[in-house]
> 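The structure that follows is given in the form of structure tokens.
Position 1 is the first residue of the sequence; numbering continues from there. We use all heavy atoms of the structure for the numbers below, so side chains are in, but hydrogens, waters and symmetry mates are not.
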Amino acid sequence: LSKATGPAEMASRCFYPLFFMVLAPGFLYGDFSKSAIHATNHKRIKREWVWNNLHIRENLNVTLPHHVGKVRMNLIFRSKTGTIYTAAPDMDREKNSTYTIVVEAMDGKGLHSAESGTATVRIQLTDINDNFPTFRRESFMFQVPENIRLGSKIGSLEVDDIDEPQNRHTKYSFVQGRNQDTFEIEPNPETNEGIIRPKKLLDFETISTYSFVVEATDADINYAYSRKGSKSLASLTIKVIDIDEPPVFVQPSYTFALKEESVMKKSVGCVSANDPDKAKREIRYSVLRTKYFEISTNGCIFAPKPLDREEYAWHNITVAANEVGKNNVVVPNLETHVPVYIKVEDINDNAPEFAEPYDPHVCENAAQGTVIIRISAVDKDEMSPRVKFKYTLVSEESNFTLVDNHDNTVNVTVKYGQFNRELVKTHYLPIIISDNGSPQQSSTSTLSIRICKCDEEGNVMICEEAAKQVGVTFEALVAIFVCFLIIIVIMLLIAWRKRHKKDLNVLKKNVEEIHEQLVAYDEEGGGEMDTTSYDVSVLTSACQRGIISPRMTMEAKPCVYSQVQKTPRNGLSHTGEMGIMIEMKKDEADNDGDLLPYDTLHIYGYEGAESIAESLSSLGSGSSDSDIDYDFLNDWGPRFKMLAEIYGLEPNEDLVY
């Protein structure tokens, strides 16, 4: 207190020193500082404490005591703080992560008795990566089918790490065992597990069991504070389950070559596949979606017909292999495909021809050596740098010549000069183009050169238009021929149908109608003797037996009517001429459906010779005994003079022709 302070002031103002005490093991109280607390009417004010949370990193290797933090007490006029220190070294969060202590603050001895206050302080240890992971089991075993896809999950390796999640960085690795490159162990950052995945295809027939020793460690661990072992080991066993697999080709792809126009049924090449399973089933091959190749039972590919390189230079086909089970039946869902590339090698089977349709012209007053046009050729065969074309004229007597440019082209030039377009307006120049292949191929192409009238500077003044080349391709000719053939076949079918329909109509004619027509002719007239020439009962008997056309039996049989004889009347046994005539006509009618039905007798102009009325036809009548007077023909004029002379009694001499 100041010396100037009087007794009254001392009674109203006091200064109290404040002390802190920590009531917890492992920690020390802090220092204190003096603070004046003003009291009115000598009355103490109760102190208030604030809840304090402090943090300290575990396993601190520092000089003790180590500063932990400060606590604060609130007074009416002012707050007071105290510092807490750690007294124990290497505190481990995994053993005790939180400490709760009680701090007591007391004031100094004053006029009145000392007072104190307490506060609870929570101290949390901050985690560091100081613990290694350990496998939960000493051994792990998994089973996996041999057809598992690459990268798929086989199983998981579990470990325990007592550090907090942010300090768990487990790494897995193989330390023992063959074929370690077949699998990989991928850590899961969320669960800290090791996911086992295949890196290569598995094959039960090759390796059925994999055995490894795996290790789990933490590469980011702080070895200065770690008290346990640096790694954890466990055994890992992976068993492969046998699956019925499809055939496997010896190669992933095949490439073959053959020359075009090769002999049919010649092998192009062979593919090979086998059953990877223990069953070792037989393999059957097939070619998919192609009409150019077939495959034998042993996998050899061949072309059933010659190939043309100019059509397809390469053929990309797919060959399928299937396993054959019992009873020679293909096992379903076990098919493997392999690509096969077949190159068709070229042979010299095409002749060169003009590269394009040329339309040259030349002035009729062109001088000798004038270049008319430069021509080139192409070949459908393979054009290698060694291919050379040779151009020659069919006749050297023309007014044109060829000049070789030594680059597979030639210039067509004027040989003598001066043309006369009044005589010839277009010259046709045949050119033979040949190659140097084996065998050599050549063709003749015609160049149409128009003769034009030009001025002195060579500008064309008069020139006929080039005749358009109109041609029909071979494919078009074939199409036209096929169309004509179809039309002819259709016409023949229509004619045959009409003929057949007519025959059916004849055969289907009402039998009763025919019978009525035949019976009607049983009326005998013109003399009793006339009936001996024919007997209608023969036709009636045929009607009763049924009408069968000889065409329906397809057999040669004698006429039915010729075998039936009329019962002799009045002792006469002969059938007569009329009967024979009727039989002949009916035979003709039965064997030709296009003729009229002769059995109606409508067209007969023949009567029997035995009738007392004799013939009723005018065809057999004579003109000599006629009573008709034909003299009236003389009155009809010159046109009828000849008839009047033939039929008249006395010719008229006055008629003048």
> Run the salt-bridge test on E345 and K259 with the 4.0 Å N-O cut-off and return the result as yes or no.
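Answer for the salt bridge query: yes.
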> Just checking Y312 against Y292, ring centres under 6.0 Å apart?
yes
> Under the salt bridge (charged side-chain N to carboxylate O under 4.0 Å, His left out) rule, collect the residues that match up with R178, sequence neighbours excluded.
none
> Does the pair E382/R309 count as a salt bridge with the N-to-O cut at 4.0 Å?
no
> I want to know whether F400 and F419 have ring centres closer than 6.0 Å.
yes
> Give a yes or no on whether a salt bridge exists between D407 and R374, defined as a side-chain N under 4.0 angstrom from a carboxylate O.
yes
> Taking NZ, NE, NH1 and NH2 as the nitrogens, is one of them in K280 or D275 under 4.0 Å from a carboxylate oxygen of the other?
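D275 and K280: not salt-bridged.
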> With I373 as reference, evaluate D359, V410, V362, L447 under the side-chain contact (heavy atoms from CB on, under 4.5 Å) test and give the passing residue.
L447
> Only counting residues at least two apart or in another chain, list the ones meeting salt bridge (charged side-chain N to carboxylate O under 4.0 Å, His left out) with E215.
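Only K231 meet the salt bridge (charged side-chain N to carboxylate O under 4.0 Å, His left out) criterion with E215.
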> Can you confirm whether the side chains of E335 and N322 place a donor and an acceptor under 3.5 Å from each other?
yes
> What distance separates I238 CD1 from I196 CD1, expressed to the nearest 0.5 Å?
5.0 Å
> Could you measure the distance from the NZ atom of K415 to the OG1 atom of T413? Nearest 0.5 Å is fine.
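Here the rounded value is 9.5 Å.
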> Counting only N and O atoms by type, is there a donor-acceptor contact under 3.5 Å from the side chain of Y285 to the main-chain atoms of A273?
yes
